[in-house]
Amino acid sequence: MFPFVTTILRALRRGPATRRYPYEVRPPMAGSRGHLVNEPDTCIYCGLCVRRCPAGALAVTREPKSWTLDPYRCILCAYCVEVCPKKCLRMEPSHVRAAS
Amino acid sequence: MTTAATTTRRTLIPFGPQHPVLPEPLHLRLVLEDEIVVNALPAVGYIHRGIEKLAELKDFQQNVFLLERICGICSFIHSLAYCQGIEELMQLDVPPRAKYLRVVWSELNRLHSHLLWLGLLADSFGFESLFMQVWKTREKVLDLEEATAGARIMLSTCAIGGVRRDLSDEQIAQVLHGLDAIERDFESFIPAVITDTTVKHRLVGVGVITQQQAHELGAVGPVARASGIARDLRVTGYAAYGELGLNPVIETDGDCYARTLVRVRELHQSLLLIRKALKRLPATPIAVPVKGNPIGEVVSRVEQPRGEVLYYLKANGTKTLERVRVRTPTFANIPALLAMLPGNELADVPVITLAIDPCVSCTER
Ligand code: SF4
Ligand code: SF4
């Protein structure tokens, strides 16, 4: 294993390469697809996002006005964001925990 | 009086679907004489997900996201194979910038796939520190994917008619910088893989198949190239590969060591291709609009880290496709695996199996 000894020694000197997640969370990268957010004030409840969603994660009704997302079904593809005519959908870079 | 021949007992040993070295459930029924494998029978089907059927129910645009989920390692390349097929049916002319970006993401996929494999191979013969070092470097590739595509694994950047995301100048600089760091890491562990006597002891002369066997059994990807077959679909020049130029990496020994060398050299090849593609990125739009629905039949083939993937698509002019059929590289390499095993010791089975880089969730879809 001799070719590897220097690598191991260097790794020992540098300390752990990992983070103590979940106590230490890496800041999200810009442009990351973390979670989906809708601005209810701008949404016109047209349902275009529902028709595009490949995972069937969205439901929209006009009367009463409602837009719901099932976060357990959403695959974070951002396809709905592209199609929304009012640009009220956006992807936030931070990842939320599944149960929050 | 009993002769030696009549007293030889055969033992049947199940290898997998659960086994410490197997990342995914592949089952091999091994017939042994003493410690030597004389025959192997495969069984797959433990993680079939019915993706092909589901692809007939979703519309052809939604399928891009579904089909990239066939594999978590070469996700982008799956969506690329599908998009190229649909683009051929709809006669879409993909802008040059999109083609170059497709090369960048494809090669990032190849980089992290080969690194994942190298780590798992090291794990299969108990070299845990090498496993950890390789996977540490793999994280850097995944970070580059997240910085450019918005996700570590499911990039979702390939679209019919082009790509979904463009790269800014800062992002290009970030990727080039990241590749330099990754290359420096290679210098710290690749010599250990190539020259270490214990590593060589486990790989050299193990699981040999000849060029003719590889050809007759229809081996693809690094398995075929390690047996001296110069078969790499990137040479056909899809996306921007034609303009970037590459020669397939070939070794001739056909053993596990040759397969390792092929993939290790392909790591450097991928770095080179990404750098070239980013330097020559043309200033054009990144996608063309898609109008109407596809009609007709097409076969689309691209090179994945594990070899050739083949998509057969049949469209009838509606939003949904009539048939989607995927032949994945691991499926094509299983007959070659069965030819590699006989004559080797039971202790070498994990290494030989890992050396074809099996991806069972691709195989079963
Ligand atoms: S597409 Fe946009 S505007 Fe229409 S329902 Fe969805 S979020 Fe609202
Ligand atoms: S991000 Fe994708 S899966 Fe999630 S709601 Fe939007 S379209 Fe559906």
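Below, chains carry the letters A, B, ... as their sequence lines are ordered, and counting in each starts from 1. Note that the structure is a prediction, hence the values are computed from the model and not measured.
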Seminar exercise, completed: Pair count under 4.5 Å, heavy atoms only, with chain B: among A:Arg33, A:Arg26, A:Arg10, highest is A:Arg33
For this session: For atom NE2 of B:His268, decide whether the heavy atoms of other residues, nucleotides or ligands shown that lie under 6.0 angstrom number more than 12.
Result: yes
Exercise. Mind checking which of residues 59-71 of chain B sit less than 4.5 Å from chain A, heavy atom to heavy atom?
Worked result: B:Gln61, B:Gln62, B:Phe65, B:Arg69
Exercise. Among all residues two or more places apart in sequence or in another chain, which pass the side-chain hydrogen bond (donor to acceptor under 3.5 Å, both in side chains) test with B:Tyr257?
Worked result: none
For this session: Measure distances from B:Glu146 to the heavy atoms of chain A and classify the residue's part below 4.5 Å as side chain, backbone, both or neither.
Result: both
For this session: Using heavy atoms and a sub-4.5 Å threshold, report which of residues 151-160 of chain B line up against chain A, by residue number.
Result: B:Ala151, B:Met154, B:Leu155, B:Ser156
Listed pairs under 3.5 Å, donor-acceptor, residues 75-84 of chain A side chains, sequence neighbours left out:
from: A:Tyr79; atom 1: OH; to: A:Arg52; atom 2: NH1; distance (Å): 3.1
from: A:Glu82; atom 1: OE1; to: B:Arg164; atom 2: NE; distance (Å): 3.3
from: A:Glu82; atom 1: OE2; to: B:Arg164; atom 2: NE; distance (Å): 2.7

Exercise. Nearest 0.5 Å, what's the OG1-CE distance between B:Thr148 and A:Met29?
Worked result: 9.0 Å
For this session: Kindly check if the number of other-residue, nucleotide or ligand heavy atoms within 6.0 Å of NE2 (A:His95) is above 12?
Result: yes
For this session: Mind ranking A:Gly56, A:Cys53, A:Pro28, A:Ala30 by heavy-atom pairs under 4.5 Å with chain B and telling me who comes out on top?
Result: A:Cys53
Seminar exercise, completed: One option among A:Ala11, A:Ala17, A:Gly31, A:Pro93 has the most heavy-atom pairs under 4.5 Å with chain B, and it is A:Gly31
